[in-house]
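To find a chain, count down the sequence lines: A is the first, B the second, and so on, and within it residues start at 1.
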There are 2 protein chains.
Amino acid sequence: MPILRLALAQTNPRLGDFSRNSSQIVNTTIEAYAQGADLVAFGEMSLTGYPIEDLATRPEFLRQCRTTLENIAHELAARGAGQIPVIVGFPHGPLDNHALNAFSPTAIAHNSAAVLQDGRVIGIYNKHHLPNYSVFDEYRIFHPGTDALVIHVAGADVALAICEDIWREGGPVAAIAEVKPSALLVINGSPFEREKDAVRLPLVQRRAEQVNAPVAYLNLVGGQDDLVFDGGSFVVSAAGKLLARAHQFAEHTILVDMTVSDSHSHGRQSGPGVVVVEAGNGHPDRATRPALSPGDLAPQLSINEQIWDALVLGMRDYVEKNGFKSVILGLSGGIDSAVCAALAVDAIGPERVFGVSMPSNYSSDHSRTDADDLAERLGIDIRTEAIAPLVEPIETQLNLVDVAAENLQARIRGIILMGLSNAEGHLVLTTGNKTEIAVGYSTIYGDSVGGFAPIRDVPKTLVWELARWRNEHARRQGLTAPIPENSITKPPSAELRPGQVDQDTLPEYDDLDQMLDAYITHRRSAEEIVALGFDRATVERVISLVDRSEWKRRQGAIGPKISEMAFGRDRRLPVTFTR
Amino acid sequence: MPILRLALAQTNPRLGDFSRNSSQIVNTTIEAYAQGADLVAFGEMSLTGYPIEDLATRPEFLRQCRTTLENIAHELAARGAGQIPVIVGFPHGPLDNHALNAFSPTAIAHNSAAVLQDGRVIGIYNKHHLPNYSVFDEYRIFHPGTDALVIHVAGADVALAICEDIWREGGPVAAIAEVKPSALLVINGSPFEREKDAVRLPLVQRRAEQVNAPVAYLNLVGGQDDLVFDGGSFVVSAAGKLLARAHQFAEHTILVDMTVSDSHSHGRQSGPGVVVVEAGNGHPDRATRPALSPGDLAPQLSINEQIWDALVLGMRDYVEKNGFKSVILGLSGGIDSAVCAALAVDAIGPERVFGVSMPSNYSSDHSRTDADDLAERLGIDIRTEAIAPLVEPIETQLNLVDVAAENLQARIRGIILMGLSNAEGHLVLTTGNKTEIAVGYSTIYGDSVGGFAPIRDVPKTLVWELARWRNEHARRQGLTAPIPENSITKPPSAELRPGQVDQDTLPEYDDLDQMLDAYITHRRSAEEIVALGFDRATVERVISLVDRSEWKRRQGAIGPKISEMAFGRDRRLPVTFTR
């Protein structure tokens, strides 16, 4: 039974930044080689970042990927680490048979893993199952692969799979089980979702049992537009025992010594449906290297800590990867802006966070004192810009009253933040939570102004819960709680007219969030939501608010398409992208 | 050789408006029956409107579709038109075997055509080829079908197909050819694109040759968010001769007498892969009804007229289907706002269009006189709101200069339009063209403010061309040219600082539009665009502007996803939708 030393490199690639990503792949491999690794693996699309969306349909981009991959192989060989196989995720194209794609005539690439060795690309595995639901559009841009791939290295057979491949019953795992691999390596680009972490481990344990071999699950880490890859890569034994686990929400390379079965492929050539790649004898010192102590087992984080860390990483990477030096946000004294400011400080540090208090004639005293308290606790800059003198001339000239006048206040605040952003270079944070975005409780071009929305997917009740968790977390470490208690406990209000509170117009947030979860996440009908114990008129009103707010959630105006390639539905490109 | 009288009902359904759509289906069928039709057909998803996007993943929505379909069948029978088969496009679900979908675990429906007769649903065809490119996401929400369907009616065999089914070589058309149908009926939801009309006819002629029978191509018509279905349904003989063509951009039912071959299915049962539906003897008066005169051949429109009509219909349907009474837009005296205003007047009439002139200290005299001239030509309301007194207090309080001060002017204009919209109920039109949107030559939350963008997909050079075409079109009819000549001929300028013109910062529009077309539509690399004869530095600058403007085109802020169902990428719903 050979021992195979596997290095799982959980990296945070920058989308499109070939130079940075390839240096990282080279340097990490050389380090792992120095530690005696027999095989080094990087995540799905680790060469480019993920998801690359319609960039995969541009021939020049694909050619650049291939060139970069070959340069990496050359450099590894030149620097003495060419002997061991290195797995790198990349888009493989342009294919010349793209007319064959039954799904998308524009797809000219596979979603692939390359095996690099001895200065060359010695094998390529193409992902079989292309997810095309939820956040995934892979049938739009990729061709499915058909063959299994086995890397014969150091007397063992390592089979490859990519992400969705192991989620489908009867997928390539069945074919892989038949070749009796020594180990299965799955490279992933699996975005964070609450509770998803708890689903991955049992799934991988089932696959280990199915192939009767250890399975290594390698994930990406990092924020990419609205996705956060949480890392948390791990290895289980054939019996399903957790052998090693990497940190979540941070780059981390873990090394594991896996006791694996002997190769069944030795001497066998590639056959129908299975490609066997000869990848040498592993690390030259494998006979003499000392065994590793048992693998790292990073601690399991609580669900609130996972969510907080996901929000922090999402913001940090959006700011850093897009090259912003600082962020600015309005501080109202309310819970949403307080949590956003605390997240920003955790993401990029207090000296890069700028708060603006923008009181109106309707602002309560505590809106200012709570904002000041927050800024002091966080150690961030805060300035005050009164809006009344800016609102009045417009209100008077246009004769605005009621809702038009309320929205005007929110829009002046938006103009102030955008003006300061243009003048000083900050990224504007917009502090709306998922609940208010769902029901349209906001002013378009007003409080919704900004480039990044830290809590856009956080329901109001969870905003409070996270605030309490963050304060408690600070107290446990003997630090100042960042969020003023008064911001947590006072009744939420938009303060656009005297005495206004959110519950003038919305149901209690506890109820509202349950109704929204049933309607949006679980696609329940009005009838079914009423059956959960809610008042019918309220349920119907909530559903109507959600449906009618769709236009508000797309602030970019809709316009008729007349060409082959219009912006919007036709063309899906990342915002965060190194050009 | 029987004669089959086919009624092709090219309708403009309202998405989700079951009551309106089903009344229209019933009434149109009854009229066609009165004219002796043997079979009546409606377009793809004519029951619901198209595309329904993720509504197809909601079980309750699908159950409502089925109930509505059955009610239509009942009502047709009750009103005496139950004898002839009626084809209606609808989403068929919820399927209980959705775990079988290898592509999307959330897809629980087929994209289908129902055959209604005698008060019942007597057959269902499920679309085989689900497009998943360009504007289409059908693998996300639908299961592919597997069987062909033949309707045996009046001694003839009418085979069915849906849209993409006929675009793929080796698709169901090959299976259909084997059953030797008397005719092929294809129902479509095919959105308008420049030149697409010219592609459809040769394709359908090829399919007619392949199945050796006449082919009826039935399309939807109408605007749905950013898509415009152009109608233009037609029928070709087995030899490819155009027998009838409906109008583009309008509802239209055409009746055609087709001489068809005898049935080959008579007495045959459904077999593997082919379902045969017995649908009676056709219209009861078919032996005695007088023959129709040759079918309607609606005139072929010029390409500019097609584009203009598509833009008009797109705007009209967005306004009407979303229940707006009027639109408002800023009139700068420039070409973009002039064309938008002329389109609005053609779409909904001058009394529902409101212009606002918003001069600044940098506005030229002609910006006002040209705007007034336009309003007079169009017969629309125009008011003036000077922005200087509103800009000054903000500029002073925040100390804004340069770009921050320029953007402030645009944002105050946005605030004025949104204030008037909130106060008076107008839909705000934003007048940016495709060229400036491509390169980011606009102010976010400024001139880009609005719910509908009439020329969002129209490059600047085409804006001028359409303006000239529209004026010429008016002159040919002896009417006043709607667009002032001076708006067409003067150099374009944002007028945000003294003497500013667009070409201070952008290449000549002729060049720019060619570079953008090469880069965006044809996915050319910088190298390839340089080879077309453009200066390398300019090409690289243009590409960089396009890439870096992606965030601006998505004005809605990005925020990290932490749940199973976040707004944005996860959840794709139409804006224009009757709830």
- Message: What I want to find out is whether B/R194 reaches A/E564 closely enough, with some N-O distance under 4.0 Å, to be called a salt bridge.
- Response: no
- A/T57 versus chain B, heavy atoms under 4.5 Å apart: side chain, backbone, both or neither? both
- Using non-hydrogen atoms only, which part of A/L400 is less than 4.5 Å away from chain B: side chain, backbone, both, or neither? side chain
- Of the backbone (N, CA, C, O) and the side chain (C-beta and beyond), which part of A/R524 lies under 4.5 Å from a heavy atom of chain B, both, or neither? backbone
- Note on the structure: With chain A, the option among B/V228, B/I307, B/L398 that has the most non-hydrogen atom pairs under 4.5 Å is B/L398
- Can you name the residues that form a salt bridge (Lys or Arg N to Asp or Glu O under 4.0 Å) with A/E424, not counting sequence neighbours? A/R383
- Would you kindly check if the NZ (Lys) or CZ (Arg) of B/R140 is within the cone defined by 45 degrees around the ring axis of A/Y133 and under 6.0 Å from the six-membered ring centre? no
- Contacting moiety of A/I416, where chain B heavy atoms sit under 4.5 Å: both
- Region of A/L462 in contact with chain B, defined by heavy-atom distances below 4.5 Å: side chain
- Kindly say whether B/G559 contributes a backbone atom to a donor-acceptor pair with the side chain of A/D226 at under 3.5 angstrom? no
- Task: Please identify each residue that fulfils salt bridge (Lys or Arg N to Asp or Glu O under 4.0 Å) with B/R572, with sequence neighbours left out.
- Result: A/D137, B/D137
- Between A/E527 and B/R63, is there a side-chain N and carboxylate O pair less than 4.0 Å apart? no
